[in-house]
Amino acid sequence: MARIAPLSGFPEWLPQGRVVEQHVLDVLRHTFELHGFAGIETRAVEPLDQLLRKGETSKEVYVLSRLQDADPAGQRDRGEKQLGLHFDLTVPFARYVLENAGKLAFPFKRYQIQKVWRGERPQEGRFREFTQADIDVVGSGDLPYHYEVEVPLVMAEAFGALREIGLPPVRILVNNRKVAEGFYRGIGLSDVEGVLRQIDKLDKIGHEQVATLLVDQCGASEDQAKACLALAGISGSDTSVIAEVRALAESYGALTELLTTGLAELEALMVAAGRRAPGVVVADLKIARGLDYYTGSVYETVLVGHEQLGSVCSGGRYDTLASDGKNTYPGVGLSVGVSRLVSRLLSGGLVTATRGVPTAVLVAVATEETRPVSDAVAEALRGRGIPCEVAPAPAKFGKQIKYADRRGIPFVWFPGEPGHGPADAPATSGTALVGSVKDIRSGEQLDADATTWEPPAEDLHPRVVPGSGTGQ
RNA sequence: GUGGGUAUAGCUCAGCUGGUAGAGCAUCGCGUUGUGGUCGCGAGGGUCGCGGGUUCAAGUCCCGUUACUCACCCCA
């Protein structure tokens with residue numbers, strides 16, 4: 001038999017891990033809906049030319065082809081478009097907005113939680129198939145700035161709600177493209193995109209190397225490179241950063257109109273964030289984002305203590321999310337890397353599930369003849385919303401308890417009237433629902449009636465709780 | 001796409017300068033025939049990633065290949 005090896009970059013969790021992931025997804029969805037975002041799902045594939053649009057560099061898109069179709073050229077000749085799996089949720093959403101523009105009400109707020117695929121080399125926290133949870137607000141023609149304030153605050157709230165299960169604190173790092181571009185142009189640099197790309201490497205390769213790159217690759221002078229690094233060095237969680245940037249720009253005579261506009265926007269965001277999510281949103285002027293279509297706010301989110309993992313939630317404002325020639329649809333959005341987040345929560349032991357099965361009660365079986373008694377008990381419990389299952393075989397009770405223990409099932413129900421053998425109790429009689437229930441963690445065993453007994457609320461369903469791990 | 005490392009039981013790993021495959025944990029059974037977890041005893045489980053080469057003999061040496069893994073690029 002061929003050895004089964006995991007496919008790298010296509011994460012699969014054990015049931016307990018899935019419980020954690022499902023909880024994260026539930027919290028995200030709940031938070032998004034609390035803020036009025038409507039859920040949608042788009043198809044997994046888009047025409048290849050659509051995916052490669054928007055000046056996207058050679059994204060490693062997975063192309064779809066049928067095994068039987070050995071002639072993709074012939075396929076194109078027949079007018080069939082080549083299809084690729086989407087690598088994010090923004091491009092499909094832009095297409096969706098154009099396609100349904102007539103039926104949507106703008107500004108349109110939507111959330112979308114789906115798998116995406118990227119043909120990259122996998123690494124810790126980097127996958128080829130992973131789940132993203134996006135929120136975007138898209139306007140028709142224009143989109144007020146305050147949505148650039150709202151979107152990160154929604155995410156801050158979602159992350160805040162995950163603190164109780166053991167998620168570390170997050171920092172949402174914010175910058176504004178207008179500030180960066182205004183500043184660079186103000187000091188005489190025109191290759192804004194190139195400068196951003198180099199600045200983005202600051203954390204990894206350090207000041208000297210970035211300065212060298214700016215000079216060598218972006219045509220900057222020593223002095224201009226120094227100015228860029230000075231800007232990138234500014235960060236803070238209150239509005240003092242605004243004054244700091246302004247002072248720096250003035251000292252270089254670089255206070256452009258664009259810069260002024262950007263600073264006003266950034267200030268509005270910091271003021272609102274300071275009030276609604278204190279300490280979470282941090283202005284960080286070195287946040288660049290590689291993607292070139294951002295035009296206003298840009299966001300990255302790191303887990304405190306896990307900065308090496310990279311961003312777990314990124315996005316920004318783009319003036320032309322979509323355009324049909326006549327109308328343009330500006331948008332602002334953020335995307336949570338659910339798989340990246342969950343993989344760290346699990347591998348770092350930060351979070352665990354109390355059990356991997358939904359079952360709260362295992363109903364023991366005494367003999368195959370009396371299995372109907374056990375089935376009746378289970379039915380009564382389920383009728384009152386208590387997840388339970390019936391033991392697979394009338395094994396020794398010790399083995400049946402072990403069956404429950406291995407799965408984390410907290411209770412075992414022994415059918416039969418207290419003090420009597422279960423065989424005495426007819427399956428259809430009311431007394432068949434009487435028995436005793438054992439909490440296998442404490443060993444405590446009490447007489448109980450399946451029509452009234454219920455487990456403690458915290459044992460009814462698997463729960464997600466902080467783990468013992470500290471991460472790293 | 002570029003460069004390094006690794007590949008032996010379900011898992012974590014030993015296996016020396018080549019000489020017919022090992023441990024711990026896990027699983028199953030028994031001790032304990034209707035109340036688990038501890039303890040003791042026992043059992044099952046491996047074409048040593050795959051293909052070729054050198055050799056009397058290859059898990060071990062050589063070549064190739066695939067997968068995994070780390071870093072770069074890039075990104076959630």
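Below, read A as the first sequence line, B as the second, and so on, with proteins coming before strands; counting in each chain starts at 1. Keep in mind the model is a prediction, meaning the values are calculated, not measured. Reckoned from all heavy atoms, side chains included, excluding hydrogens, waters and symmetry mates.
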In terms of side-chain heavy atoms, does A:Q112 have a donor or acceptor partner in A:T42 at a distance below 3.5 Å?
yes

Rounded distance in Å - NZ (A:K438) to C1' (B:rG36):
8 Å

For A:R371, does the CZ atom have more than 12 heavy-atom neighbours from other residues, nucleotides or ligands under 6.0 Å away?
yes

Rounded to whole angstroms, how far apart are CZ on A:F10 and P on B:rA67?
12 Å

Cation-pi geometry met for A:R407 and A:Y403 (6.0 Å, 45°)
yes

Looking only at side-chain N and O atoms, does A:E157 offer a donor or acceptor that is under 3.5 Å from a partner on A:H35?
yes

For A:G310, report the nucleic acid contact type (base, sugar-phosphate, nothing); a contact means any heavy atom under 4.0 Å.
nothing

Counting side-chain heavy atoms from CB outward, which of B:rC68, B:rU35, B:rC70 is closest to A:Q445?
B:rU35

Ordered by number, residues from residues 387-407 of chain A within less than 4.0 Å of RNA chain B (heavy atoms) are A:K396, A:F397, A:G398, A:K399, A:I401, A:K402, A:D405, A:R406

Protein-nucleotide distance (A:R126, atom CZ; B:rU69, atom C1'), rounded to Å
14 Å

Which nucleotide in B:rU69, B:rA76, B:rG34 has an atom nearest any side-chain atom of A:F127:
B:rA76

Pair A:E265 + A:R317: basic N to acidic O under 4.0 Å:
no

In sequence, state the C-alpha distance, the side-chain angles, and the governing distance for A:K109 and A:E150, and then conclude on salt bridge (Lys or Arg N to Asp or Glu O under 4.0 Å).
CA-CA 11 Å; A:K109 303 168 71 173; A:E150 172 177 342; 2.9 Å; yes

Provide, to the nearest angstrom, the distance between the CD1 atom belonging to A:I440 and the P atom belonging to B:rG36.
12 Å

In whole angstrom, what separates A:D136's CG from B:rA76's C1'?
14 Å

Heavy-atom count check: over 12 atoms from other residues, nucleotides or ligands less than 6.0 Å from A:E164 CD?
no

Name the residue closer to the 5' end of RNA chain B, choosing between A:R128 and A:G125 according to the nucleotide with the nearest heavy atom.
A:R128

Between the side chains of A:R441 and A:D459, is the shortest nitrogen-to-carboxylate-oxygen separation below 4.0 Å, so that they form an ion pair?
yes

Sticking with atom C1', work out how far B:rU60 lies from B:rU20, rounded to a whole angstrom.
14 Å

Side-chain N or O of A:Q123 less than 4.0 angstrom from OP1 or OP2 on B:rA71?
yes

Atom-pair distance (CH2 on A:W413; C1' on B:rG36), nearest Å
20 Å

Between B:rG15 and B:rA21, how far apart are the two C1' atoms, rounded to whole Å?
9 Å

What distance, rounded to whole Å, do you find between the two P atoms, one in B:rA9 and one in B:rA23?
14 Å

Would the number of heavy atoms belonging to other residues, nucleotides or ligands and lying under 6.0 Å from CD of A:E379 be above 12?
no

Tabulate protein N/O versus nucleotide N/O from nucleotides 43-45 of chain B, keeping only pairs under 3.5 Å, one per line.
none

Over how many whole Å does the gap from A:R121 atom CZ to B:rG4 atom P extend?
12 Å

Quick one: do the A:Y318 and A:D136 side chains pair a donor with an acceptor below 3.5 Å?
yes

Please report the distance, rounded to the nearest Å, between CD in A:E120 and P in B:rC72.
13 Å

Mind checking the OG-CD spacing from A:S8 to A:Q123? Nearest 0.5 Å is all I need.
9.5 Å

Output yes when at least one side-chain N/O atom of A:S8 is less than 4.0 Å from OP1 or OP2 of B:rU69, else no.
yes

Stem regions touching RNA chain B, defined by at least 3 consecutive Watson-Crick or wobble G-U pairs below 3.5 angstrom:
B:1-7 with B:66-72, B:10-13 with B:22-25, B:27-31 with B:39-43, B:49-53 with B:61-65

Could you give the distance separating B:rG46 and B:rG10 at their C1' atoms, to the nearest angstrom?
12 Å

Counting only heavy atoms not in A:E12, do more than 12 sit closer than 6.0 Å to its CD atom?
no

Would you measure the distance from the C1' atom in B:rG29 across to the matching atom in B:rG44 and give it in whole Å?
10 Å

Comparing A:D439 and A:S311 on RNA chain B - which has the more 5′ nearest nucleotide:
A:D439

Keeping A:R344 on the side-chain end and A:G125 on the backbone end, is there a donor-acceptor pair under 3.5 Å?
no

